[in-house]
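Single-structure report; data block below.
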There are 2 protein chains.
Amino acid sequence: MFTESTAGVARWWPADGTSTVDIADRSHLLHEGDDAVALYEIIDGAAMIYRTSIDGRRTILGLRTQGALVGLSSGRRYVCSAVAIEPTRARRISYAALERAIDNDPRLARRLLNVCTEELSRSRERLLILGNRTALGRVAALLLELAQSTGGAKRPILLPLTRLEMGESLGLTLETVSRSMSRLRTAGIIDLPRSGVVIIRDRARLEAIADGSGDGTSGSRLCA
Amino acid sequence: MFTESTAGVARWWPADGTSTVDIADRSHLLHEGDDAVALYEIIDGAAMIYRTSIDGRRTILGLRTQGALVGLSSGRRYVCSAVAIEPTRARRISYAALERAIDNDPRLARRLLNVCTEELSRSRERLLILGNRTALGRVAALLLELAQSTGGAKRPILLPLTRLEMGESLGLTLETVSRSMSRLRTAGIIDLPRSGVVIIRDRARLEAIADGSGDGTSGSRLCA
DNA sequence: CGGTGCATTGACAGACCTCAAGACGAGTGG
DNA sequence: CCACTCGTCTTGAGGTCTGTCAATGCACCG
């Protein structure tokens with residue numbers, strides 16, 4: 001359904017309601033609770049979406065990179081906050097202009113629906129991870145996700161998240177994240193050459209751990 | 001955004017591609033991996049959406065009741081399975097007819113977008129629960145959700161889920177679910193008159209537990 | 001040089017999972 | 001009607017994993 005490519009979404013945006021904005025690292029695109037006045041498409045960079053509980057705990061709902069839409073909301077207000085985790089450029093599309101454009105061009109609606117269902121898939125993927133993975137599996141899955149967005153196959157990952165943020169993203173404490181990373185390093189699966197950098201040495205085993213196939217630290221069957 | 005009421009979505013469906021289907025308890029609406037040919041709107045009853053991992057473990061991603069759309073997918077195939085958890089009637093809308101209808105009526109697109117973002121909200125809500133709630137809090141949250149869909153304020157909840165399914169829904173084992181229910185009963189917060197029935201005796205404390213405000217089993221501040 | 005923020009590591013406690021036994025209810029066949 | 005089976009639920013004991021608290025190390029910066 002709604003299977004059209006989203007690569008060209010940009011050229012479908014209404015001309016009158018869009019502008020380009022630059023967001024510094026750790027600056028907000030939008031705040032939970034604010035009036036939902038605009039949607040953002042990430043052109044370059046990355047952001048994380050999060051919500052804060054009454055008790056002050058933050059839960060990071062996901063990371064978004066180039067091409068993703070941030071600010072989708074079902075009500076009049078944003079339900080999540082979004083903050084850049086690296087210097088980011090985004091296209092800002094006003095809701096008012098967008099709704100007008102939808103009425104004029106049904107193809108835009110289909111593309112938006114497509115993006116929205118993809119967003120759903122990502123949320124569900126994360127639910128699977130939180131629902132039945134151990135700490136090690138969750139960390140492995142996050143590293144693979146980060147490796148994908150950082151791009152390179154064997155290139156080092158420049159971690160855009162602190163251990164605390166990784167923990168908030170995975171439902172773990174920063175200590176557990178740190179210990180999991182250390183276990184992966186000891187097992188020879190990753191390298192931690194210096195703070196903020198990760199190198200994946202054995203992607204197959206990392207994937208096996210992320211998929212829940214044992215803890216992968218002792219003779220993986222996938223690498224036999 | 002897309003804030004129009006969805007109460008009247010039904011009358012917007014394309015006439016040519018829709019039909020009504022009745023699904024027995026524990027029968028499937030659709031299977032993960034099948035060609036995505038139709039969307040279902042639940043008219044009456046309830047269904048659960050789930051995915052199965054390679055290792056055979058099932059993760060229940062959520063429950064859907066009257067008005068919800070089941071079968072939203074970003075690709076050519078369904079990414080989740082959906083099974084009725086009580087006798088259910090649903091409206092089946094073929095994707096082909098739906099896409100045509102979208103092109104003819106932009107209001108439909110906006111309503112669909114609205115439903116889709118609501119779906120997103122539900123997934124995110126569940127992420128929050130799995131990310132930072134204890135077993136007791138998760139069970140409390142699920143009971144409140146079930147109470148809502150069962151309807152009545154103080155009416156008994158006729159559990160549509162087994163302990164195993166509740167566990168698969170919350171990322172817990174069935175034993176932990178059972179123990180949590182027993183703790184809630186011992187604390188006087190719920191009654192378990194017979195198998196498959198739950199009565200909420202102290203909603204305020206149950207909500208406090210679900211929101212993570214202590215374990216609520218010893219003198220809740222909300223009830224002082 | 002001290003201060004600050006982040007990461008690592010240890011010790012311990014608590015939460016949850018696993019394995020196991022038994023209870024209960026519904027359905028079936030004698 | 002009763003015995004039997006089957007699936008589900010409950011409860012216990014013990015082990016593992018993760019959270020909490022705490023100390024230390026490291027890089028960066030004033």
Side-chain angles (χ1 to χ4, degrees), chain A residues 25-26 53 55-59 85 129-140 142-143 157-187 190-199 209 212 214-218, chain B residues 25-26 55-59 85 129-140 142-143 157-187 190-198 209 212 214-218:
Chain A
D25 192 12
R26 307 295 146 168
S53 321
D55 56 4
R57 294 183 57 152
R58 182 172 66 166
T59 302
I85 53 179
I129 291 172
L130 291 192
N132 55 28
R133 292 285 180 268
T134 66
L136 202 63
R138 297 182 199 187
V139 170
L142 181 59
L143 289 178
I157 305 170
L158 272 51
L159 279 184
L161 303 180
T162 66
R163 297 288 186 270
L164 174 62
E165 289 165 342
M166 293 176 69
E168 290 173 327
S169 182
L170 299 171
L172 301 170
T173 61
L174 68 92
E175 292 95 331
T176 301
V177 172
S178 181
R179 273 186 259 267
S180 299
M181 302 269 280
S182 295
R183 280 182 62 189
L184 292 173
R185 178 174 46 76
T186 305
I190 63 172
D191 254 3
L192 301 169
R194 62 175 190 275
S195 181
V197 179
V198 178
I199 299 174
I209 294 170
D215 70 356
T217 52
S218 56
Chain B
D25 192 11
R26 309 293 147 169
D55 56 2
R57 294 184 56 154
R58 182 170 68 167
T59 301
I85 53 178
I129 291 172
L130 291 191
N132 54 29
R133 293 286 179 267
T134 66
L136 203 62
R138 296 183 201 188
V139 170
L142 182 59
L143 289 178
I157 305 169
L158 272 50
L159 278 185
L161 303 180
T162 66
R163 297 287 186 270
L164 174 63
E165 289 165 342
M166 292 176 69
E168 290 172 327
S169 182
L170 299 171
L172 302 170
T173 61
L174 68 93
E175 293 95 330
T176 301
V177 172
S178 180
R179 273 186 258 266
S180 299
M181 302 269 282
S182 296
R183 281 183 62 189
L184 292 173
R185 178 173 47 75
T186 305
I190 62 172
D191 255 1
L192 302 170
R194 62 176 191 275
S195 180
V197 179
V198 178
I209 294 170
D215 69 358
T217 53
S218 56

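No experiment lies behind these values; they were computed from the predicted model shown.
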Quiz item: Under the salt bridge (Lys or Arg N to Asp or Glu O under 4.0 Å) criterion, do A:Arg58 and A:Glu165 qualify, and how do the steps go?
Solution: CA-CA 9 Å; A:Arg58 182 172 66 166; A:Glu165 289 165 342; 3.8 Å; yes
Rounded to whole angstrom units, what separation is found between the [atom1] atom of [X] and the [atom2] atom of [N]?
X        : N      : atom1 : atom2 : answer
A:Met181 : C:dT8  : CE    : P     : 6 Å
B:Asp191 : D:dC9  : CG    : C1'   : 17 Å
A:Leu184 : C:dA7  : CG    : C1'   : 16 Å
A:Arg183 : C:dG10 : CZ    : P     : 14 Å
B:Asn132 : C:dC16 : CG    : P     : 13 Å
B:Leu192 : C:dG25 : CG    : P     : 14 Å
A:Leu130 : C:dC16 : CG    : P     : 15 Å
A:Arg194 : C:dC6  : CZ    : P     : 18 Å

Are any protein N/O atoms closer than 3.5 Å to N/O atoms in nucleotides 25-30 of chain D? If there are, list each pair with its distance.
none

To the nearest 0.5 Å, tell me how far [X] [atom1] sits from [Y] [atom2].
X        : Y        : atom1 : atom2 : value
A:Leu172 : A:Leu130 : CG    : CG    : 8.0 Å
B:Arg26  : B:Ile85  : CZ    : CD1   : 6.5 Å
B:Met181 : B:Thr176 : CE    : OG1   : 13.0 Å
B:Asn132 : A:Arg57  : CG    : CZ    : 4.5 Å
A:Leu161 : A:Leu142 : CG    : CG    : 6.5 Å
A:Leu174 : A:Thr162 : CG    : OG1   : 8.0 Å

Side chain of [X]: nearest nucleotide among [options]?
X        : options                : value
A:Thr134 : D:dT18, C:dT9, C:dC16  : D:dT18
B:Ser182 : D:dT10, C:dT9, D:dG19  : D:dT10
B:Glu175 : D:dT20, D:dT18, C:dC19 : C:dC19

Exercise. Walk me through it: do A:Leu184 and A:Leu143 pass the test side-chain contact (heavy atoms from CB on, under 4.5 Å)?
Key: CA-CA 11 Å; A:Leu184 292 173; A:Leu143 289 178; 4.0 Å; yes
Quiz item: Step by step, would you call A:Val197 with A:Ile157 a side-chain contact (heavy atoms from CB on, under 4.5 Å)?
Solution: CA-CA 6 Å; A:Val197 179; A:Ile157 305 170; over 6 Å; no
Quiz item: Going by heavy atoms closer than 4.0 Å, what residues in residues 158-167 of chain B are next to DNA chain C?
Solution: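 The stretch gives none, as no residue of it lies under 4.0 Å from the strand.
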Taking only N and O in the side chain of [X], is any of them less than 4.0 Å away from OP1 or OP2 of [N]?
X        : N      : value
B:Arg185 : D:dT11 : yes
A:Ser178 : C:dT9  : no
B:Thr173 : C:dC16 : no

Quiz item: Run the side-chain contact (heavy atoms from CB on, under 4.5 Å) check on A:Val198 and A:Leu192 step by step: do they pass?
Solution: CA-CA 5 Å; A:Val198 178; A:Leu192 301 169; 3.7 Å; yes
Exercise. With heavy atoms under 4.0 Å as the rule, sort A:Arg179 into base, sugar-phosphate or nothing.
Key: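 It contacts base atoms.
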Practice problem: Identify whether any heavy atom of B:Leu174 sits under 4.0 Å from a base atom; if not, whether one sits that close to sugar-phosphate; answer base, sugar-phosphate or nothing. | Solution: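 Counting heavy atoms under 4.0 Å across all strands, the contact made by B:Leu174 includes a base.
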